[in-house]
2 protein chains.
Amino acid sequence: MFAFEPLERPPMRRLAALALVPLIAAQAPTPVKPKTPSEITASAPRTDWREIAAEDLLVFELRGGKKVVMQLAPDFAPVHVANIRALAKAGWWNGSAIYRVQDNYVVQWGNNESDKPFPVGVVAQPPAEYARPAAGLAVTALGSPDSYASRAGFVNGWPVAFHDQEGVANLAHCYAMVGVGRGLSPDTGTGGELYTVIGHAPRHLDRNIAVVGRILQGMEHLTSLPRGTEALGFYKERSSDVPIVGAQLASDLPAAGRPRFEYLGGTSFDAYLHARKNRQDDFFIRPAGGADLCNINVPVRPVPAA
Amino acid sequence: MFAFEPLERPPMRRLAALALVPLIAAQAPTPVKPKTPSEITASAPRTDWREIAAEDLLVFELRGGKKVVMQLAPDFAPVHVANIRALAKAGWWNGSAIYRVQDNYVVQWGNNESDKPFPVGVVAQPPAEYARPAAGLAVTALGSPDSYASRAGFVNGWPVAFHDQEGVANLAHCYAMVGVGRGLSPDTGTGGELYTVIGHAPRHLDRNIAVVGRILQGMEHLTSLPRGTEALGFYKERSSDVPIVGAQLASDLPAAGRPRFEYLGGTSFDAYLHARKNRQDDFFIRPAGGADLCNINVPVRPVPAA
């Protein structure tokens with residue numbers, strides 16, 4: 001199950017939903033209908049799928065063998081991402097835990113940093129990588145207004161907000177995006193405590209904190225955790241913490257056992273974006289004619305077997 | 001824990017978060033700082049809190065005695081809401097179940113309608129109550145652009161999108177809002193199958209389906225359920241369904257045992273909205289200067305004991 005899997009079927013009545021398969025099978029082809037987002041994704045040519053580099057994939061293993069795969073965003077937070085890679089290589093995540101689950105907000109995990117010093121090579125105070133120069137970013141425009149920025153769009157599959165007056169761009173705090181917990185400024189966080197968004201996009205955090213990636217797979221292992229009962233969703237007892245066995249970069253795993261993912265780009269993504277904004281599936285009676293940045297869900301999938 | 005509880009503390013490092021209480025206690029008062037959203041909520045006068053009518057509160061009881069309280073929205077979908085009240089009065093929800101949990105989308109529940117005929121008084125085909133005339137609605141403007149509508153704002157505590165060209169308004173599909181599952185048009189759904197939003201707002205459903213309310217309390221009992229593994233998040237086995245013991249309107253409960261809720265209105269809500277758009281808490285280094293409709297979280301709380 002993917003965090004970014006296109007959500008194709010609205011809340012239909014159960015009988016109607018179950019009846020849908022035979023219904024479609026019995027229908028005559030209707031070639032005049034525009035393709036749905038999932039049809040576009042399913043029929044996209046191989047050349048429109050872009051593989052994610054193995055050194056940008058970090059695999060967390062939770063208790064019970066559950067895997068959570070995160071994509072790193074070195075183009076947006078290079079020093080924080082370098083920290084996270086160094087932490088992974090040093091085994092720093094072994095024995096860490098998920099200790100905060102706040103409903104409609106975040107799941108947060110890491111180590112108690114005072115008990116577990118950082119390995120050599122980790123920058124204790126990275127720069128405030130909360131935005132970057134917009135220059136040089138090839139963007140597919142969202143084409144709908146954004147409540148938080150001059151404009152919004154997609155850069156190499158990432159949801160990005162642009163602030164034209166300042167000439168900067170930032171990764172948006174959409175569902176499943178991953179940021180770096182920090183203390184009060186001037187602390188910028190190290191990467192040793194991470195969180196992911198499990199509710200409506202808390203975009204007010206944009207440009208206030210380093211966003212370093214997103215969860216590609218295993219999101220449901222995080223979102224279905226019991227909510228913490230203490231203030232801010234912290235678990236009351238340390239025995240409630242969810243143990244993290246460890247984390248490894250895909251590039252450090254044997255080639256045969258590496259997870260591989262790809263995201264949709266090219267003209268297929270353009271068509272997908274257009275179709276998401278103008279839903280014409282049978283269910284819809286009134287296409288929205290627009291969408292907000294965090295309601296697009298860039299298609300991501302495992303690289304199919306050759 | 002409330003669905004609409006203000007989310008006051010961003011993803012801080014654990015040590016920093018835990019250290020915050022003594023830190024504040026030791027600080028000198030700083031009267032020049034604007035109030036934070038939670039300070040505004042905490043200090044709002046009683047007269048700015050508006051109690052929700054008992055006939056607009058529907059209490060679902062899940063297996064294990066867990067309660068989920070829903071607020072009904074008769075001003076937006078009167079026939080669907082009348083159906084839901086009639087279903088509750090007839091005990092129709094007794095023995096129903098949650099049967100669909102799709103990550104970043106919806107939790108859905110109800111009966112298998114073919115097995116359990118509707119009680120007398122339920123309208124089998126309500127009108128398409130997907131939007132209503134905007135005329136007559138007293139709105140507090142959001143004041144930020146909306147990706148799906150001409151403008152957006154709040155009406156009696158509800159998040160509402162306005163389509164000025166058509167002169168209509170609709171309840172927005174924000175987190176925790178409740179809609180009515182339906183089949184393909186012309187089916188409009190009865191109210192016998194409901195869903196609530198558990199992820200980023202699927203606003204493309206706006207004006208395509210009847211929105212009839214929102215979850216005020218117990219949202220965490222729904223959001224933390226295991227995700228369904230079948231297509232669309234349906235549970236594979238009926239044995240995975242989460243039983244619903246029943247549902248009762250608060251107005252049908254003994255006065256002493258009724259849940260009572262109130263939402264923030266008046267000038268306190270105006271101030272809260274302004275503060276949410278311009279966060280100046282210690283943590284924030286760059287206020288957004290805006291917000292999207294579904295990231296406001298109208299404050300709702302149990303009516304305090306007199």
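With a 6.0 Å cutoff to the six-membered ring centre and a 45° limit on the axis angle, B:Arg182 counts as a cation-pi contact of A:Phe283.
No more than 12 heavy atoms of other residues, nucleotides or ligands lie within 6.0 Å of NE2 in B:His274, so this atom counts as exposed by the packing criterion.
With values rounded to the nearest 0.5 angstrom, B:Tyr105 atom OH is found 13.5 Å from A:Tyr175 atom OH. Of the inter-residue distances, the one linking B:Thr223 atom OG1 with A:Ile198 atom CD1 reads 7.0 Å to the nearest 0.5 angstrom. Note that CD of B:Glu220 is 14.0 Å distant from CG of A:Leu225, once rounded to the nearest 0.5 Å. With rounding to the nearest 0.5 Å, the separation of CG in B:Asp282 from OG in A:Ser185 is 10.5 Å. Separation of atoms NE2 (B:His204) and CG (A:Asp292) is listed at 10.5 Å; rounding is to 0.5 Å. Taking NZ of B:Lys277 as the reference point, atom OG of A:Ser147 lies at 9.5 Å (rounded to 0.5 Å).
Between the side chain of A:Asn208 and the main chain of B:Arg286, a donor-acceptor pair closer than 3.5 Å is present.
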Practice task
Show your reasoning for whether side chain to side chain contact (heavy atoms under 4.5 Å, CB included) applies to A:Cys174 and B:His200.
Solution key: CA-CA 8 Å; A:Cys174 298; B:His200 189 78; over 6 Å; no
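No other option in B:Ala128, B:Ala288, B:Gly290, B:Gly289 has as many heavy-atom pairs under 4.5 Å with chain A as B:Gly290. Highest contact tally toward chain A, considering only B:Ala201, B:Pro287, B:Gly179, is held by B:Ala201 [criterion: heavy-atom pairs under 4.5 Å]. Options B:Pro226, B:Pro145, B:Ser144 differ in how many heavy-atom pairs under 4.5 Å they form with chain A, and the most are formed by B:Pro145.
The contact between A:Ile285 and chain B is made by backbone and side chain atoms together, counting heavy-atom distances below 4.5 Å.
In terms of heavy atoms, B:Met219 sits closest to A:Asp103 at CG-OD2, 3.8 Å.
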